[in-house]
Amino acid sequence: MDLTQSLLESLPEPHLILSRSFSCLAVNNAFAELVRLETRAIVGSSALSFWPTARACAAGGESTVELRASDGRAITARVEAVVSEVIVVRVLASVASGESAQLHHKQRLETLGLLAGGIAHDFNNVLTGILGHVAYMKHVLPDSGPDRGVAGDSIKAIEEGAVRASGLTQQILKFSKLDSTETSSPVDVGDLVGRVAALLKSAIPTDVALRVSPASTALRVLASESHITQILINLIINARDAISGKGAIDVSVEGRCPEEEVVRLFGAEPIASAYGAIVVRDDGIGMDEQVKARLFERYFTTKSSSGTGLGLATVNSIVQQLGGAIEVISEPKKGSVFRIVLPAVTEQVVQNAEVAGEHGGLRKGKGERVLVIDDEYAVRNVLGLSLSHLGYQVETADGGLEGVEKFEQSPESFSLVILDLLMPGLSGEEVFNRLRARNPQLPVLIVSGFSSEHVVQRVLEDGARDFIQKPFSIEVLSEKVRGCLRD
Ligand SMILES: Nc1ncnc2c1ncn2[C@@H]1O[C@H](COP(=O)(O)OP(=O)(O)OP(=O)(O)O)[C@@H](O)[C@H]1O
Ligand SMILES: [Mg+2]
């Protein structure tokens with residue numbers, strides 16, 4: 001084997017070297033396997049026979065191309081071409097047409113996610129109504145007497161049920177938009193692990209025990225919850241797949257990683273002052289050195305029909321983004337341990353990030369006029385009721401157009417507009433722009449579900465005073481409204 005050939009063979013990705021007239025000069029085994037030809041048959045032939053559009057690669061750079069394997073299958077590949085006297089082509093990723101079922105499957109899951117997200121969104125609005133009315137009733141019930149006892153118990157039961165349902169809705173919403181641009185905030189990893197494990201229970205066979213050990217020290221990481229969720233799901237499902245028959249998956253959280261580990265992974269001067277870890281351990285089939293070496297490659301999978309090979313690649317890219325590292329300890333038949341080491345947030349940052357003053361008594365209004373624009377009856381109704389109770393004069397509008405009209409009738413009379421962003425017809429953002437064009441100083445409080453954070457962010461940057469997330473309590477509402485009125 002000559003030097004070029006042994007060099008090519010040492011590269012894990014499929015490689016092809018072409019002359020400037022697109023005849024194949026050299027190729028590695030990985031490429032030959034991809035197009036299902038013998039290396040001998042490729043070298044010396046024209047690339048156009050299995051790559052009809054090969055000429056385009058003379059421009060260099062990355063592109064997506066279609067290759068034809070000798071068995072007739074079409075292969076869609078992402079390739080990178082480096083052009084000098086010869087053209088070196090590297091295949092970064094590829095999917096054969098027979099594998100498109102997998103892609104379909106993935107797309108179906110994504111559609112399901114969207115659907116679940118949509119339902120959860122509507123459901124959340126209903127819950128906002130229920131919880132809002134409960135909060136209102138708690139405040140108008142007499143403090144003592146027989147009425148308080150019975151009605152009070154019922155109200156408490158309704159509230160508890162609705163709070164639980166609201167928790168579930170939020171989890172569905174988070175699951176349905178794992179790739180969102182959710183903002184980072186300190187995530188209590190131990191708490192999240194518990195919630196994710198509870199949700200994954202139904203995906204784990206009964207012969208496999210999923211055990212979560214409580215953390216001795218809490219771990220908080222500056223991240224978006226959906227990113228950490230994604231890491232956990234991928235690791236736990238991989239562990240499940242590695243176990244055939246009886247077995248156990250142990251998930252634990254370490255608040256502080258040992259000094260030696262931090263130095264080993266990040267050097268003597270790590271960026272963060274402390275690191276913690278998420279540890280997922282299984283007693284499944286384990287991995288040999290070859291699998292371990294390719295673990296994080298995109299599309300690398302040993303699960304012939306069921307895997308996309310994207311799981312750990314995604315985990316890796318999230319961990320890199322967060323400034324962490326991954327350690328894998330595994331041997332064939334001895335199970336695997338995945339340690340995800342992440343920068344830990346110190347107490348100081350947590351305190352700064354937590355919104356102060358969410359609780360306490362109700363802060364009353366002084367008769368200011370408030371315009372509520374929300375297409376959802378339940379939300380509009382409870383906002384109206386709560387605000388009147390708090391001492392505001394309330395006007396409501398069931399959509400953007402009506403809202404703008406009501407505002408136009410007497411723009412100066414409103415001290416505050418409470419605006420839902422997600423409405424059919426005239427969108428909340430458009431309404432916001434129209435109102436502010438009329439009165440640039442107008443205080444606006446945004447009502448947000450969970451599916452529109454980037455819009456919320458934009459409107460806040462454009463000058464909305466604050467936002468309140470559904471479902472909300474009357475205490476938080478009273479606080480936010482006073483805050484918007486700069487009181
Ligand atoms: N806990 C584990 N035990 C044994 N092998 C593992 C484990 N986790 C990952 N692997 C190996 O790493 C490969 C890549 O994992 P990755 O999560 O990226 O893709 P996948 O699980 O095959 O596909 P997908 O995540 O799309 O279902 C797996 O196919 C498997 O061979
Ligand atoms: Mg996986």
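Whatever order the structure lists them in is the order used to number ligands and atoms, beginning at 1. Along the sequence shown, the residues carry numbers beginning at 1.
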- Does Gly309, backbone or side chain, put an N or O under 3.5 Å from an N or O of ligand 1? yes
- Query: Which N, O or S atoms belonging to the protein are less than 2.8 Å from the Mg ion (ligand 2)?
  - Reply: Asn238 OD1
- Message: When you compare the side chain of Met423 with that of Ile373, does any pair of heavy atoms fall below 4.5 Å?
- Response: yes
- In terms of atom number and element, which parts of ligand 1 are under 4.0 angstrom from non-hydrogen atoms of Ala242? 2 (C), 3 (N), 4 (C)
- Task: Tell me which protein heavy atom sits closest to atom 20 (P) of ligand 1, plus the residue, atom name and distance to 0.1 Å.
- Result: Lys303 NZ, 3.7 Å
- Task: Identify, for atom 17 (O) of ligand 1, the protein heavy atom at the shortest distance, and state residue, atom and that distance.
- Result: Asn238 ND2, 2.8 Å
- Task: Could you find the nearest protein heavy atom to atom 12 (O) of ligand 1 and give me its residue, atom name and distance?
- Result: Leu295 CD1, 3.1 Å
- Query: Does CD in Gln290 sit with more than 12 non-hydrogen atoms of other residues, nucleotides or ligands closer than 6.0 Å?
  - Reply: no
- Item | Side-chain (Lys292) to main-chain (Val328) donor-acceptor, under 3.5 angstrom | no
- Task: State whether the shortest distance between N or O atoms of Thr302 and N or O atoms of ligand 1 falls below 3.5 angstrom.
- Result: yes
- Query: Any idea which protein heavy atom is nearest atom 24 (P) of ligand 1, and the distance to it?
  - Reply: Thr308 N, 3.6 Å
- Message: Keeping Arg73 on the side-chain end and Val35 on the backbone end, is there a donor-acceptor pair under 3.5 Å?
- Response: no
- Message: Out of all atoms in ligand 1, which are within 4.0 Å of some heavy atom of Thr301? Include the element for each.
- Response: 20 (P), 22 (O), 29 (O)
- Query: Is the closest basic N to carboxylate O distance between Lys470 and Glu376 below 4.0 Å?
  - Reply: no
- Would you say ligand 1 has an N or O under 3.5 Å from any N or O of Asn234? no
- Write out the residue and atom name of the closest protein heavy atom to atom 27 (O) of ligand 1, then the distance separating them to 0.1 Å. Gly307 CA, 3.9 Å
- Query: In terms of residue, atom name and distance, what is the protein heavy atom nearest to atom 6 (C) of ligand 1?
  - Reply: Met287 SD, 3.7 Å
- Query: Does Asn29 offer a backbone N or O that forms a donor-acceptor pair with the side chain of Thr39 under 3.5 Å?
  - Reply: no
- With no hydrogens and no angle check, is any side-chain donor or acceptor of Ser330 less than 3.5 Å from a backbone partner on Gly335? yes
- Message: For Arg55, I'd like to know if atom CZ has over 12 heavy atoms of other residues, nucleotides or ligands within 6.0 Å.
- Response: no
- Message: Within the 4.0 Å heavy-atom shell around Leu312, which atoms of ligand 1 are there?
- Response: 9 (C), 15 (O), 16 (P), 17 (O), 18 (O)
- Task: Measure across Cys257 and Val341 and return the closest heavy-atom pair with its distance rounded to 0.1 Å.
- Result: SG-CG1, 3.9 Å
- Based purely on interatomic distance, does Ala313 place a nitrogen or oxygen under 3.5 Å from a nitrogen or oxygen of ligand 1? no
- Message: With no hydrogens and no angle check, just 3.5 Å: does a side-chain donor-acceptor pair link Asn316 and Gln320?
- Response: yes
- Message: So for atom CZ, which belongs to Phe22, do other residues, nucleotides or ligands contribute more than 12 heavy atoms lying within a distance under 6.0 Å?
- Response: yes
- With a cut-off of 6.0 Å (strictly less than), are more than 12 heavy atoms of other residues, nucleotides or ligands near CZ of Arg68? no
- Message: As an exercise, identify every atom of ligand 1 less than 4.0 angstrom from a heavy atom of Phe338.
- Response: 1 (N), 8 (N)
- Gly286 neighbourhood, listing ligand 1 atoms whose heavy-atom distance to it stays under 4.0 Å: 4 (C)
Compile the donor-acceptor pairs under 3.5 Å between side chains in residues 10-17 and protein atoms, sequence neighbours left out, one pair per line.
from  : atom 1 : to    : atom 2 : distance (Å)
Ser10 : OG     : Leu7  : O      : 2.6
Glu13 : OE2    : Arg90 : NH1    : 3.1
His15 : ND1    : Glu13 : O      : 2.9

- Message: Can you name the atoms of ligand 1, numbered from 1 with element, that are less than 4.0 Å from a heavy atom of Ser336?
- Response: 1 (N), 2 (C), 3 (N), 4 (C)
- Query: Would you call Asp462 and Arg458 a salt bridge, using N to O less than 4.0 angstrom?
  - Reply: no
- Could you tell me whether the side chain of Ser23 and the main chain of Ser19 form a donor-acceptor pair under 3.5 Å? no
- Protein contact to atom 14 (C) of ligand 1 [nearest heavy atom, distance to 0.1 Å]: Phe300 O, 3.3 Å
- Under 4.0 Å, heavy atoms only, figure out whether ligand 1 is touched by the backbone of Asp282, its side chain, both or neither. side chain
